[in-house]
Amino acid sequence: MALHCVPYLPFFHTLHTLYILMKFATKAIHAGIEPDPTTGAVMTPIYQTSTYAQASPGKHKGYEYSRTHNPTRTPLQVCIAALENGLHGLCFSSGMAATDAVIKLLKPGDEVLAGNDLYGGTYRIFTKIFAVYGIKFKFLPLHLPGALEAAITPATKLVWMETPTNPLLNITDIAACVRIAKAAGALTVVDNTFATPYLQRPLDMGADIVLHSLTKYMAGHSDVIMGALVTNSDALAQQLAFIQNACGAVPGPQDCFLVLRGLKTLHLRMERHCSNGRAVANFLNQQPKVDAVYYPGLPSHPGHTLASSQMDDFGGMVSFNLKGDSMDDAVAFMERIKLFTLAESLGGVESLCCHPATMTHASIPPAERAANGLKDTLIRLSVGIEDIEDILADLAQAIG
Ligand SMILES: Cc1ncc(COP(=O)(O)O)c(C=O)c1O
């Protein structure tokens with residue numbers, strides 16, 4: 001099958017039928033990938049070109065200009081769609097650019113209901129960029145049953161879920177929120193960055209759009225910034241592809257190559273992230289100097305039962321507070337930790353430690369953070385895939 005042709009709707013429906021029969025690891029390695037038709041190269045070449053020769057005006061081989069389509073980007077979009085059990089995938093220059101494209105589906109006066117624990121940059125683009133254009137945003141504890149039903153109105157056009165949430169690992173019932181949103185005529189978006197399709201497939205639960213910061217687990221090696229959207233709706237795919245091309249926040253071919261390479265080991269990496277994450281959560285839970293541990297895999301986590309039913313495992317993100325809730329103690333821990341690098345971001349093969357209040361969530365006003373249960377002393381760990389003995393030894397020495 002020639003993948004190097006203009007993506008058109010029947011083409012994607014045919015691919016969907018083909019890939020839906022494959023299991024996850026097979027899709028991660030093969031979906032969208034064909035030997036290069038001109039050379040036979042097994043790995044997708046980096047088509048580092050902005051434009052494409054035409055034989056006559058409008059007569060071309062499926063590609064005109066790389067903002068619109070690029071032959072390295074096309075297989076990546078197909079692969080991501082296949083992993084999410086979706087029909088259409090679209091890649092953007094960052095996770096935030098993907099978020100930007102979704103909100104551009106709306107118009108002034110439309111209302112978005114979003115979870116109140118979410119990535120700080122998402123909160124920032126909603127409140128500082130799109131609120132200025134008359135789109136209304138309300139933040140509520142979507143992870144609590146009844147919260148969405150109580151807040152939804154005829155003005156609600158979009159429900160924005162992030163689950164598990166960043167950084168408190170709250171779990172939102174995707175299927176229940178989809179039911180409520182659909183009854184009210186609102187679209188649903190799930191930011192699936194923390195879970196990845198290896199652990200959770202929101203389209204199967206009825207969500208309209210899945211969003212990814214591919215920067216994280218999907219690419220997996222902390223060497224690229226990229227985002228993606230996946231949908232089963234032809235109409236939404238057409239609108240989003242129009243926005244992708246018209247606004248132009250597209251990734252370059254070199255970055256697409258890196259994400260394609262990363263995806264081939266997603267299933268292996270996620271297995272190890274999950275087993276290491278579970279071990280870290282259990283370890284922290286037993287430390288006398290540690291207070292709350294936020295990890296949906298712990299039976300004591302309020303979202304544990306729900307997570308067990310809508311996810312296949314619990315991931316590699318663990319947040320916690322030290323007893324006494326002292327900023328000095330939290331800073332001392334973050335200065336002592338060695339194997340974990342103190343840095344923003346998550347989802348790479350290497351373990352990272354982040355301080356949400358000054359890093360990823362600094363753009364949320366302190367009072368709002370506190371009201372949503374995000375303490376300034378919270379420490380967030382992205383547990384990597386190193387040997388667990390080394391990870392636990394580093395945590396033990398940093399806790400002291
Ligand atoms: C859950 C979540 N969504 C979206 C984003 C934004 O992605 P990017 O940094 O690729 O723009 C992030 C970034 O940290 C994130 O953690």
Side-chain angles (χ1 to χ4, degrees), residues 76 80 84 89-103 112 114-130 137 139 142-143 158 160-172 174 189-197 199-200 202 207 209-230 244 247 249-252 255-256 258-259 262-263 273 294 296 311 315-319 341-348 352-364 369 372 374 378 380-383:
L76 174 61
I80 292 167
E84 286 286 1
L90 293 163
C91 287
F92 293 84
S93 53
S94 67
M96 290 320 303
T99 300
D100 178 79
V102 172
I103 304 301
V112 178
N116 63 1
D117 180 38
L118 80 178
Y119 171 55
T122 308
Y123 177 92
R124 181 176 55 200
I125 196 172
F126 287 175
T127 56
K128 295 282 192 295
I129 304 289
F130 284 111
F137 296 91
F139 300 92
L142 279 184
H143 57 282
L158 196 79
W160 189 281
M161 290 170 253
E162 191 181 287
T163 182
T165 59
N166 183 359
L168 289 173
L169 285 306
N170 287 314
I171 305 295
T172 294
I174 298 174
V189 180
V190 177
D191 184 333
N192 206 24
T193 300
F194 268 34
T196 82
L199 302 180
Q200 173 173 279
I209 300 172
V210 168
L211 179 139
H212 278 286
S213 168
L214 299 175
T215 311
K216 312 296 178 348
Y217 290 106
M218 298 284 271
H221 296 75
S222 302
D223 52 9
V224 67
I225 299 281
M226 203 186 296
L229 299 174
V230 184
Q244 182 195 41
C247 298
V250 292
D255 285 354
C256 290
L258 287 172
V259 179
L263 283 178
H273 281 298
Y294 302 86
M311 299 174 72
M317 298 301 299
V318 185
S319 296
T341 304
L342 183 62
E344 301 211 11
S345 204
L346 61 108
L352 294 179
C353 171
C354 159
H355 181 226
T358 57
M359 298 179 178
T360 48
H361 292 69
S363 49
I364 302 178
R369 285 202 307 261
N372 297 335
L374 201 178
L378 188 85
R380 191 193 75 184
L381 302 176
S382 170
V383 182

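Order of appearance sets the numbers: ligands from 1, and atoms from 1 within every ligand.
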Would you name the heavy atoms of [X] and [Y] that are closest together and state the gap between them?
X    : Y    : value
T196 : M218 : CB-SD, 4.1 Å
G348 : S382 : N-OG, 4.5 Å
R380 : P167 : CD-CB, 3.9 Å

Contact between ligand 1 and N166 is defined here as a heavy atom of the residue under 4.0 Å from a ligand atom; is it met?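 Flag set, N166 near ligand 1.
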Ligand 1 atoms in contact with E162 (distance to a heavy atom under 4.0 Å): 1 (C)
Heavy-atom contacts with D191 under 4.0 Å: which atoms of ligand 1 show up? List them by number with element. 1 (C), 2 (C), 3 (N), 4 (C)
Specify the protein heavy atom at minimum distance from [atom]: its residue, its atom name, and the distance to 0.1 Å.
atom                    : result
atom 15 (C) of ligand 1 : Y119 CG, 3.6 Å
atom 10 (O) of ligand 1 : T215 OG1, 2.6 Å
atom 14 (O) of ligand 1 : K216 NZ, 2.7 Å

Does a side chain donor of either N116 or N372 reach within less than 3.5 Å of an acceptor in the other side chain? yes
Looking at F130, W160, F139, which one forms a ring-ring contact (aromatic ring centres under 6.0 Å, His included) with Y123? F139
Any nitrogen or oxygen of [X], main chain or side chain, under 3.5 Å from a nitrogen or oxygen of ligand 1?
X    : value
T122 : no
G95  : yes
I225 : no

Taking the side chain as everything from C-beta on, heavy atoms only, tell me whether T193 gets closer than 4.5 Å to N166.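 A side-chain contact is absent here, since even the closest heavy-atom pair is not under 4.5 Å.
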Distance check, rounded to the nearest 0.5 Å: I209 atom CD1 versus E84 atom CD? 12.5 Å
